[in-house]
Chemist: 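Take this structure, written in structure tokens, and hold onto it; I'll ask about it next.
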Amino acid sequence: MKTSGGQAFLRYNPMYLYPCWWIQSHPQLLNRSESPDPSHVKLYLERMDIIVEADNLENVASIRCPALVLSAQDDLLIPTTMGDEVAHSLQHSHRHVFSKGEHYYPVVMAETFNQVVMDFLNNLNNLCPMQPLNH
């Protein structure tokens, strides 16, 4: 991406984010003709470097509230093992792995994604009952 330029980034980026069956029904993702803002490509590359270099797993253990850890089995960018590590490090984690959807599973599997999130949110009182405030 650094050497092939913004146009290549714009054209091929969806191939790493969406499953091929989704791209087949949304071909416009690969036929984008606009020129990307060079600062967006630069920012994306900087973010990727930060993600690759960062290891904050020890900080995750300090999270005390219930957390929903999501991933997709076929995600090419973030393997499910990373989500497993995060979930294992959390005291009150709830894990869900989508069987498909790749990196953009919230878009590709929107109905299922929304249901999983809503089930988690609706069940929060059972997961972490409110404690009375001491004044």
Side-chain angles (χ1 to χ4, degrees):
M1 195 163 39
K2 291 178 182 178
T3 58
S4 56
Q7 201 61 37
F9 165 77
L10 196 63
R11 178 162 174 79
Y12 297 110
N13 194 34
M15 297 168 84
Y16 297 101
L17 303 174
Y18 297 96
C20 61
W21 54 267
W22 178 265
I23 291 173
Q24 286 176 341
S25 36
H26 299 84
Q28 70 277 13
L29 293 171
L30 297 179
N31 297 323
R32 296 163 65 180
S33 59
E34 71 268 18
S35 295
D37 182 333
S39 65
H40 292 171
V41 176
K42 182 178 185 277
L43 181 62
Y44 182 84
L45 290 170
E46 289 170 358
R47 286 180 181 170
M48 291 304 292
D49 288 341
I50 290 168
I51 290 169
V52 168
E53 293 171 10
D55 182 9
N56 291 312
L57 202 53
E58 70 264 1
N59 296 331
V60 169
S62 67
I63 297 172
R64 303 271 186 248
C65 62
L68 179 60
V69 181
L70 303 171
S71 61
Q73 190 66 42
D74 58 357
D75 191 335
L76 297 174
L77 295 179
I78 302 177
T80 56
T81 54
M82 289 180 76
D84 294 341
E85 289 179 36
V86 170
H88 183 73
S89 297
L90 290 164
Q91 293 182 19
H92 304 286
S93 69
H94 300 274
R95 184 80 170 103
H96 184 87
V97 178
F98 294 90
S99 61
K100 60 183 181 178
E102 294 198 22
H103 195 67
Y104 275 10
Y105 59 87
V107 173
V108 174
M109 305 296 295
E111 189 174 318
T112 305
F113 172 82
N114 290 339
Q115 188 61 56
V116 168
V117 172
M118 289 307 300
D119 288 348
F120 173 77
L121 294 174
N122 289 330
N123 200 30
L124 275 179
N125 283 338
N126 296 332
L127 301 173
C128 186
M130 295 291 290
Q131 300 297 319
L133 295 175
N134 295 326
H135 294 290

Chemist: So, using side-chain hydrogen bond (donor to acceptor under 3.5 Å, both in side chains) as the criterion, who are the partners of Asp119 when residues are at least two apart?
Modeler: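 Checked Asp119 against side-chain hydrogen bond (donor to acceptor under 3.5 Å, both in side chains); matches are Gln115.
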Chemist: Among residues two or more places apart or on two chains, list those pairs meeting salt bridge (charged side-chain N to carboxylate O under 4.0 Å, His left out) that have a residue in residues 96-111.
Modeler: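 Found none.
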Chemist: Restricting to side-chain contact (heavy atoms from CB on, under 4.5 Å), what partner residues turn up for Glu46, sequence neighbours left out?
Modeler: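 Checked Glu46 against side-chain contact (heavy atoms from CB on, under 4.5 Å); matches are Lys42, Leu43.
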Chemist: Applying side-chain contact (heavy atoms from CB on, under 4.5 Å) to Phe113 and Leu70, what does each step give before you reach the verdict?
Modeler: CA-CA 9 Å; Phe113 172 82; Leu70 303 171; 3.4 Å; yes
Chemist: Which heavy atom of Gly101 sits nearest to which heavy atom of Met109, and what is that distance?
Modeler: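 For Gly101 and Met109, the tightest heavy-atom pair comes out as CA-CG, 4.2 Å.
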Chemist: Apply the test side-chain contact (heavy atoms from CB on, under 4.5 Å) to residues Val107 and Leu17: give CA-CA distance (whole Å), side-chain angles for both, the deciding distance (0.1 Å), then the verdict.
Modeler: CA-CA 10 Å; Val107 173; Leu17 303 174; over 6 Å; no
Chemist: So, taking the atom named OG in Ser99 and the one named CG in Asp74, what distance separates them when rounded to the nearest 0.5 Å?
Modeler: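 CG of Asp74 is found 7.5 Å from OG of Ser99.
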Chemist: Spell out, yes or no, whether Val108 and Ile23 are grouped together once hydrophobic residues are joined by side-chain heavy atoms under 4.5 Å, including indirect joins.
Modeler: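 In one cluster with Val108: Ile23, yes.
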Chemist: Would you compute the distance between atom CD of Gln24 and atom OH of Tyr18 and round it to the nearest 0.5 angstrom?
Modeler: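 One gets 15.5 Å once the value is rounded to the nearest 0.5 Å.
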Chemist: Can you give the donor-acceptor pairs under 3.5 Å from side chains of residues 75-90 to other protein atoms, not counting sequence neighbours?
Modeler:
from, atom 1, to, atom 2, distance (Å)
Asp75, OD1, Leu77, N, 2.8
Asp75, OD1, Ile78, N, 3.1
Asp75, OD1, His103, ND1, 3.3
Asp75, OD2, His103, ND1, 2.9
Asp84, OD1, Arg95, NE, 2.9
Asp84, OD1, Arg95, NH2, 3.0
Ser89, OG, Glu85, O, 2.9

Chemist: Going by the rule ring-ring contact (aromatic ring centres under 6.0 Å, His included), which residues pair with Phe98 if we only count those two or more places apart in sequence or in a different chain?
Modeler: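 Listed in chain order: His96, Tyr105.
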Chemist: Indicate, with yes or no, if Val116 and Leu124 share a hydrophobic cluster defined by side-chain heavy-atom contacts under 4.5 Å among Ile, Leu, Val, Met, Phe, Trp and Tyr.
Modeler: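 Same cluster.
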